[in-house]
Amino acid sequence: NAGVMQNPRHLVRRRGQEARLRCSPMKGHSHVYWYRQLPEEGLKFMVYLQKENIIDESGMPKERFSAEFPKEGPSILRIQQVVRGDSAAYFCASSPSLAGGRDTQYFGPGTRLTVL
Amino acid sequence: AQSVTQPDIHITVSEGASLELRCNYSYGATPYLFWYVQSPGQGLQLLLKYFSGDTLVQGIKGFEAEFKRSQSSFNLRKPSVHWSDAAEYFCAVVNNAGNMLTFGGGTRLMVKP
């Protein structure tokens with residue numbers, strides 16, 4: 001059973017470009033979460049999605065960031081007009097369901113974004 | 001709002017020595033707690049979790065953790081550390097809705113030969 005897949009593993013963008021990060025959840029998982037890890041810091045929650053729905057985006061920056069989880073295909077985290085401060089590792093996690101309201105999240109290997 | 005504190009940013013232990021990594025949480029209800037490990041350049045691997053029941057939980061790679069409600073702690077332990085345990089360790093708590101993990105700042109473990 002393949003784990004959570006993320007690609008690309010490394011992404012380099014120049015300021016002002018767009019970054020697209022993809023995440024395929026574990027088989028059978030319908031819940032996807034995105035987290036950001038800034039250098040020398042812990043992970044911070046960004047957004048929680050189910051198929052075709054954004055459930056909680058309380059951790060997303062108000063501008064330039066968006067996320068989707070379409071009916072078919074991977075979840076996408078999109079960053080428009082990237083700035084140097086967006087350089088970080090972006091992790092995706094998935095879970096099968098919210099059993100009793102809480103379940104274990106399994107993480108992908110991350111995408112390391114570098115903005116030049 | 002929930003929070004997690006890992007007081008030790010760096011810890012160095014000798015191979016074969018015992019290990020305890022501290023984690024303190026702040027949460028209004030019964031917490032669901034996790035320990036994850038992150039090797040350099042890698043993603044996070046779940047070591048163990050506490051949802052309810054026995055307050056001493058066993059995980060993978062010989063790790064265990066003890067939930068102490070009175071101290072708001074969930075410390076991670078291993079009786080004998082191996083060089084391959086060198087990594088960063090994160091403690092986390094999930095919110096009531098189950099959709100958001102709040103992580104501590106992490107503890108970086110170094111193992112001396």
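To find a chain, count down the sequence lines: A is the first, B the second, and so on, and within it residues start at 1. Please read these numbers as outputs of a predicted model, since none were measured by experiment. All heavy atoms count here, side chains included; hydrogens, waters and symmetry mates do not.
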Chemist: For the pair A:Phe107 and B:Tyr36, name the ring-plane relationship: parallel under 30°, tilted 30 to 60°, perpendicular over 60°.
Modeler: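 Perpendicular: the ring planes of A:Phe107 and B:Tyr36 meet at over 60°.
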Chemist: Between B:Leu46 and chain A, with a heavy-atom cut-off of 4.5 Å, which part of the residue counts as in contact: side chain, backbone, both or neither?
Modeler: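 For B:Leu46, the contact with chain A is made by the side chain alone.
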Chemist: Could you tell me whether the side chains of A:Thr104 and B:Lys49 share a donor-acceptor contact shorter than 3.5 Å?
Modeler: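 The criterion, which ignores hydrogens and geometry beyond distance, is satisfied for B:Lys49 and A:Thr104.
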Chemist: Counting neighbours of CG on B:Leu56 that are heavy atoms of other residues, nucleotides or ligands and sit closer than 6.0 Å, is the number greater than 12?
Modeler: yes
Chemist: Clusters formed by hydrophobic residues whose side-chain heavy atoms approach within less than 4.5 Å: which one holds A:Leu116, and what are its other members?
Modeler: A:Val12
Chemist: Establish, from distance only, whether the side-chain atoms of A:Arg22 and A:Asn7 form a donor-acceptor pair under 3.5 Å.
Modeler: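 Short answer, yes.
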Chemist: If the condition is salt bridge (charged side-chain N to carboxylate O under 4.0 Å, His left out), which residues does B:Glu15 pass it with, not counting sequence neighbours?
Modeler: none
Chemist: Quick one: which residues of residues 100-113 of chain B reach chain A at under 4.5 angstrom, heavy atoms only?
Modeler: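 From residues 100-113 of chain B, the residues near chain A are B:Met100, B:Leu101, B:Phe103, B:Gly104, B:Gly105, B:Arg108.
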Chemist: Run the salt-bridge test on A:Arg78 and A:Glu18 with the 4.0 Å N-O cut-off and return the result as yes or no.
Modeler: yes
Chemist: Atom CZ of residue position A:Arg15 - does it have more than 12 heavy atoms of other residues, nucleotides or ligands inside 6.0 Å?
Modeler: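 Counting neighbours around CZ of A:Arg15, 12 or fewer heavy atoms of other residues, nucleotides or ligands fall under 6.0 Å, so no.
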Chemist: If you count heavy-atom pairs within less than 4.5 Å of chain B, which of A:Gly59, A:Ala89, A:Gly42 leads?
Modeler: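 That would be A:Gly42.
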Chemist: With chain A as the partner chain, list the residues of residues 58-69 of chain B whose heavy atoms fall under 4.5 Å from it, by residue number, and write 'none' if nothing qualifies.
Modeler: none
Chemist: Compute whether any side-chain donor of one residue and acceptor of the other, for A:Ser58 and A:Asp56, lie under 3.5 angstrom apart.
Modeler: yes
Chemist: So for A:Gln6, is it side chain, backbone, both, or neither that comes closer than 4.5 Å to the heavy atoms of chain B?
Modeler: neither
Chemist: Under 4.5 Å heavy-atom distance to chain A, tell me which part of B:Gln38 shows up: side chain, backbone, both or neither.
Modeler: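 Answer is side chain: those atoms of B:Gln38 sit under 4.5 Å from chain A.
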Chemist: What I want to check is whether the side chains of A:Ser95 and A:Tyr33 have a donor and an acceptor closer together than 3.5 Å.
Modeler: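 Side chains of A:Ser95 and A:Tyr33: pair found under 3.5 Å.
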Chemist: Considering only NZ, NE, NH1 and NH2 on the basic side and carboxylate oxygens on the acidic side, decide whether A:Arg64 and A:Asp86 come within less than 4.0 Å.
Modeler: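 Counted as a salt bridge, because a side-chain N and a carboxylate O are separated by less than 4.0 Å.
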